[in-house]
Engineer: 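So that we are looking at the same thing, I have put the structure below in structure tokens.
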Amino acid sequence: MTATTETPQAASAGAPHARAAETEAVDPALRETARALHAPVVDWFATHARDLPWRRPEAGAWGVMVSEFMLQQTPVNRVLPVYEEWMKRWPRPADLAAEAPGEAVRAWGRLGYPRRALRLHGAAKAIAERHGGEVPVEHAQLLALPGVGEYTAAAVVSFAYGKRHAVLDTNVRRVFARAVSGQQYPPNATTAAERKLARALLPEDDETASRWAAATMELGALVCTARSPQCGRCPITAQCAWQRAGAPEHQGPARRTQAYAGTDRQVRGRLLAVLRAAKEPVPQSDLDRVWHEPVQRARALDGLVADGLVEPLDGKRYRLPLT
């Protein structure tokens, strides 16, 4: 369930895609392709799905939402311990909403992209204030929550409430690119054509569509991986367009890789680590010790303040946000 980090703009862009799902005509050949894929993928999932805490009934919609925020651009093994502690501390949205946003940032630890913690805190407050503390069932209501985009809204509706929605993360996009489009990799950024294909491949009934969404995601995570696909273990190798074409090499733009060492992201992480560990405001002198280059360090700290992750105080002191 690894997806591109969402922004509020992604939410407003997502609503037309959901409405289009009800009106688009599906090519008969594509419909037949979809039907040939559904049963083997869903059956494979029934046997091979990982036992993850957010998939258990007791997780509820809130547990699913928390997991989806955490899993954006972050692998499962890093998320698991943070998720478990988070749900023990804040088992309901209202529990998180009652805390200062800085506590969400503190508990986020080293998951990376800590603005997700602030967005999740904002969503929890909105759920507590607008929805009586219950995660909304309707896709449009989820999209209206702070920091919730099309992917997260669709994932919660599908995984928590078992409704029919296309859930399109990086793993699913790769499965569809290979199995249906015959390409080794999907485009770098999600396209309208991919969204249309995902909707066309959805099973007709809610229950099967929900299982299909989870199953294709798991297939991409465990078997149809980016670097070393295990095609001999794949339940749809015989139907896979990429395999039938001889597994041609990727011909599009080079795949993007994200550097970390020496970047502002690394500096931001070191600054936040000091602030997370502190119970009292931290003086500038303590922050100055975490990075040798003063211009980059100042830029990273200014960025944290601008993002609302750090509050500056009098006397050149800093803390995690209280409001």
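FYI, side chains are in, hydrogens and waters are out, and symmetry mates aren't considered; it's all heavy atoms of this structure.
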Engineer: Please report the interatomic distance CZ(Arg211) to CG(Asp205), rounded to the nearest 0.5 Å.
Structural biologist: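 One finds 12.0 Å between CZ of Arg211 and CG of Asp205.
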
Engineer: Any side-chain to backbone donor/acceptor pair from Glu138 onto Ala140? Under 3.5 Å, distance only.
Structural biologist: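 Between the backbone of Ala140 and the side chain of Glu138 there is no qualifying donor-acceptor contact (under 3.5 Å).
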
Engineer: According to salt bridge (charged side-chain N to carboxylate O under 4.0 Å, His left out), who are the partners of Arg174, at least two apart in sequence or on a separate chain?
Structural biologist: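 For Arg174 there are no salt bridge (charged side-chain N to carboxylate O under 4.0 Å, His left out) partners, ignoring immediate neighbours.
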
Engineer: Below 4.5 Å, heavy atoms only, C-beta onward: do Thr74 and Arg116 meet side chain to side chain?
Structural biologist: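 Thr74 vs Arg116: side chains touch.
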
Engineer: side-chain hydrogen bond (donor to acceptor under 3.5 Å, both in side chains) with Asp288: which residues, sequence neighbours excluded?
Structural biologist: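 Applying side-chain hydrogen bond (donor to acceptor under 3.5 Å, both in side chains) to Asp288 gives Gln284, Arg297.
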
Engineer: Please test Leu30 against Leu197 for side chain to side chain contact (heavy atoms under 4.5 Å, CB included), starting from the C-alpha separation and ending with a verdict.
Structural biologist: CA-CA 9 Å; Leu30 182 56; Leu197 175 62; 3.9 Å; yes

Engineer: Given 3.5 Å as the limit, does a donor-acceptor pair link the side chain of Gln296 with the main chain of Gly262, or not?
Structural biologist: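 Yes; at least one donor-acceptor contact below 3.5 Å.
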
Engineer: Would you mind reporting whether Ser181 and Phe176 have side-chain heavy atoms less than 4.5 Å apart?
Structural biologist: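 No; the side chains remain at least 4.5 Å from each other.
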
Engineer: State which residues pass ring-ring contact (aromatic ring centres under 6.0 Å, His included) with Trp62; sequence neighbours excluded, sorted by chain then number.
Structural biologist: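 Checked Trp62 against ring-ring contact (aromatic ring centres under 6.0 Å, His included); zero matches.
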
Engineer: At their closest point, which heavy atom of Pro136 faces which heavy atom of Leu145, and how far apart are they?
Structural biologist: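 It is CD-CD1, 4.2 Å.
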
Engineer: Listed by chain and number, what are the side-chain contact (heavy atoms from CB on, under 4.5 Å) partners of Ala213, not counting sequence neighbours?
Structural biologist: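 Ala213 satisfies side-chain contact (heavy atoms from CB on, under 4.5 Å) with Ser158, Phe159, Val167 only.
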
Engineer: State, to 0.1 Å, how close Ile236 and Pro40 come at their nearest heavy-atom pair, and which atoms those are.
Structural biologist: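 That would be CG2-CG, 3.8 Å.
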
Engineer: Can you name the residues that form a side-chain contact (heavy atoms from CB on, under 4.5 Å) with Ala34, not counting sequence neighbours?
Structural biologist: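 Here the qualifying residues are His38, Leu201.
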
Engineer: Test salt bridge (charged side-chain N to carboxylate O under 4.0 Å, His left out) on Glu218 and Arg55; report intermediate values, then the result.
Structural biologist: CA-CA 12 Å; Glu218 192 80 333; Arg55 288 179 175 163; 2.8 Å; yes

Engineer: Looking at Glu280 and Arg317, is there a salt bridge between them, counting it only when a charged N and a carboxylate O are closer than 4.0 Å?
Structural biologist: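 Salt bridge absent between Arg317 and Glu280.
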
Engineer: Under 3.5 Å, is there a donor-acceptor pair between the side chain of Gln243 and the main chain of Ala241?
Structural biologist: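 Flag not set: sc Gln243 to bb Ala241 has no pair under 3.5 Å.
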
Engineer: Are Arg268 and Tyr113 in a cation-pi setup, meaning NZ or CZ lies under 6.0 angstrom from the ring centre and within 45 degrees of the ring axis?
Structural biologist: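 The answer is no, since Arg268 fails at least one limit relative to Tyr113.
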
Engineer: Any donor and acceptor pair, going by atom type alone, linking the side chain of Thr208 with main-chain N or O of Pro203 inside 3.5 Å?
Structural biologist: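 A pair under 3.5 Å: no.
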
Engineer: May I ask you to decide if the ring planes of Trp86 and Trp108 are parallel, tilted or perpendicular, using 30° and 60° as cut-offs?
Structural biologist: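 Trp86 vs Trp108 ring planes: perpendicular.
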
Engineer: Should Gln141 and His139 count as side-chain neighbours, where that means a heavy-atom distance under 4.5 Å?
Structural biologist: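 They are not in side-chain contact.
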
Engineer: Under a 4.5 Å cut-off applied to non-hydrogen side-chain atoms, are Thr323 and Glu311 in contact?
Structural biologist: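 SC-SC contact between Thr323 and Glu311 confirmed.
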
Engineer: Say whether, by atom type as modelled, one donor and one acceptor occur between the side chain of Ser67 and the main chain of Val64 under 3.5 angstrom.
Structural biologist: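 Looks like yes, one N/O pair under 3.5 Å.
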
Engineer: Check whether any side-chain heavy atom of Lys316 lies under 4.5 Å from a side-chain heavy atom of Pro283, and answer yes or no.
Structural biologist: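 Contact flag for Lys316/Pro283 side chains = no.
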
Engineer: Answer whether the closest heavy-atom distance between the side chains of Pro229 and Val223 falls below 4.5 Å.
Structural biologist: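 Counting from C-beta outward, Pro229 and Val223 never come under 4.5 Å.
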
Engineer: CG of Leu71 to CZ of Arg78: how many Å apart, nearest 0.5 Å?
Structural biologist: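 Rounded to the nearest 0.5 Å, the CG-CZ separation comes to 11.0 Å.
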
Engineer: Using the side-chain hydrogen bond (donor to acceptor under 3.5 Å, both in side chains) criterion, which residues pair with Arg31? Sequence neighbours excluded.
Structural biologist: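 side-chain hydrogen bond (donor to acceptor under 3.5 Å, both in side chains) check on Arg31 returns Glu204.
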
Engineer: Please round to the nearest 0.5 Å and tell me the distance separating atom CD of Gln239 and atom SG of Cys234.
Structural biologist: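 Rounded to the nearest 0.5 Å, the CD-SG separation comes out at 8.5 Å.
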
Engineer: Which residue pairs pass the side-chain hydrogen bond (donor to acceptor under 3.5 Å, both in side chains) test when at least one of the two sits in residues 123-136, sequence neighbours left out?
Structural biologist: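 Passing the test, one end in residues 123-136: no pairs.
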
Engineer: Extract all donor-acceptor atom pairs below 3.5 Å that involve side chains of residues 90-101 and protein atoms in other chains or at least two apart in sequence.
Structural biologist:
from	atom 1	to	atom 2	distance (Å)
Trp90	NE1	Glu99	OE2	3.3
Arg92	NE	Asp95	OD2	3.2
Arg92	NH2	Asp95	OD1	2.9
Asp95	OD2	Arg92	N	3.0

Engineer: Show the nearest heavy-atom pair for residues Pro235 and Leu219, with the distance to one decimal.
Structural biologist: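 Reported closest heavy-atom pair: CD-CD1, 3.6 Å.
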
Engineer: Give the other cluster members for Val310, using side-chain heavy-atom distances under 4.5 Å between Ile, Leu, Val, Met, Phe, Trp and Tyr residues; answer none if it is isolated.
Structural biologist: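 ILVMFWY cluster around Val310 also holds Val105, Leu118, Val267, Leu271, Leu272, Val274, Leu275, Val282, Leu287, Val290, Trp291, Leu301, Leu304, Val305, Leu309, Tyr318, Leu320.
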
Engineer: Of all residues at least two apart in sequence or in a different chain, which pass the side-chain hydrogen bond (donor to acceptor under 3.5 Å, both in side chains) check with Thr33?
Structural biologist: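 In terms of side-chain hydrogen bond (donor to acceptor under 3.5 Å, both in side chains), with neighbours along the sequence ignored, Thr33 is linked to no residue.
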
Engineer: Return the minimal non-hydrogen interatomic distance between Pro186 and Ala177, and the atom names on each side.
Structural biologist: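 Smallest heavy-atom distance, with atoms named: N-CB, 3.7 Å.
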
Engineer: Please check if atom CD in Glu84 has more than 12 non-hydrogen atoms from other residues, nucleotides or ligands closer than 6.0 Å.
Structural biologist: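 Above 12, so yes.
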
Engineer: Connecting only ILVMFWY residues whose side-chain heavy atoms lie within less than 4.5 Å of each other, what is the rest of Tyr260's hydrophobic cluster?
Structural biologist: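 Noted: Tyr260 shares its cluster with no other residue.
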
Engineer: Dump the intermediate steps for side-chain hydrogen bond (donor to acceptor under 3.5 Å, both in side chains) on Gln72 and Tyr151, then the final yes or no.
Structural biologist: CA-CA 10 Å; Gln72 292 169 18; Tyr151 167 78; over 6 Å; no

Engineer: Kindly say whether Val66 contributes a backbone atom to a donor-acceptor pair with the side chain of Trp54 at under 3.5 angstrom?
Structural biologist: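 No, Trp54 side chain to Val66 backbone: no donor-acceptor pair under 3.5 Å.
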
Engineer: Does Glu58 have more than 12 heavy atoms from other residues, nucleotides or ligands lying within 6.0 Å of its CD?
Structural biologist: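 Yes.
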
Engineer: If you round to the nearest 0.5 Å, how far is CE of Met217 from CZ of Arg173?
Structural biologist: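 Between Arg173 CZ and Met217 CE, I get 12.0 Å after rounding to 0.5 Å.
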
Engineer: Under a 3.5 Å threshold, yes or no: a donor from one side chain and an acceptor from the other, between Gln73 and Thr170?
Structural biologist: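 Judged by distance alone, the side chains do not pair up.
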
Engineer: Crowded around Arg244 CZ? As in, over 12 foreign heavy atoms under 6.0 Å?
Structural biologist: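 No, because the 6.0 Å sphere around CZ of Arg244 holds 12 heavy atoms or fewer from other groups.
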
Engineer: Within the 4.5 Å heavy-atom criterion, are Arg119 and Phe69 side-chain neighbours or not?
Structural biologist: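 Touching, per the 4.5 Å side-chain cut-off.
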
Engineer: Is Arg164 paired with Asp206 through a side-chain N to carboxylate O contact shorter than 4.0 Å?
Structural biologist: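 Arg164 and Asp206: not salt-bridged.
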
Engineer: Starting at OH of Tyr83, measure out to CG of Leu111 and round the result to the nearest 0.5 Å.
Structural biologist: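 Separation between the atoms: 13.0 Å.
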
Engineer: Please confirm whether the backbone N or O of Ala226 pairs with a side-chain atom of Tyr185, one donor and one acceptor, at under 3.5 Å?
Structural biologist: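 Between the backbone of Ala226 and the side chain of Tyr185 there is a qualifying donor-acceptor contact (under 3.5 Å).
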
Engineer: Taking all non-hydrogen atoms of both residues, which atom of Pro281 and which atom of Arg319 are closest, and how far apart?
Structural biologist: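 Scanning both residues, the minimum pair turns out to be CA-CB, 4.3 Å.
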
Engineer: For a salt bridge (charged side-chain N to carboxylate O under 4.0 Å, His left out) check, start with the C-alpha distance between Glu103 and Arg89, then their side-chain angles and the critical distance, and finish with the verdict.
Structural biologist: CA-CA 11 Å; Glu103 287 306 301; Arg89 182 173 179 181; 2.9 Å; yes

Engineer: Closest heavy-atom contact between Ala166 and Ala154?
Structural biologist: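 The pair with the smallest heavy-atom distance is O-CB, 3.5 Å.
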
Engineer: Within this structure, what is the CG-NE2 distance for the pair Leu202 and His165, rounded to the nearest 0.5 Å?
Structural biologist: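 Going from CG on Leu202 over to NE2 on His165, the span is 9.0 Å.
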
Engineer: Should Pro114 and Asp307 count as side-chain neighbours, where that means a heavy-atom distance under 4.5 Å?
Structural biologist: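 Of all side-chain heavy-atom pairs linking Asp307 with Pro114, none is under 4.5 Å.
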
Engineer: Can you name the ring-ring contact (aromatic ring centres under 6.0 Å, His included) partners of Trp44, sequence neighbours left out?
Structural biologist: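 Counting only residues at least two positions away or on another chain, Trp44 forms a ring-ring contact (aromatic ring centres under 6.0 Å, His included) with His48.
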
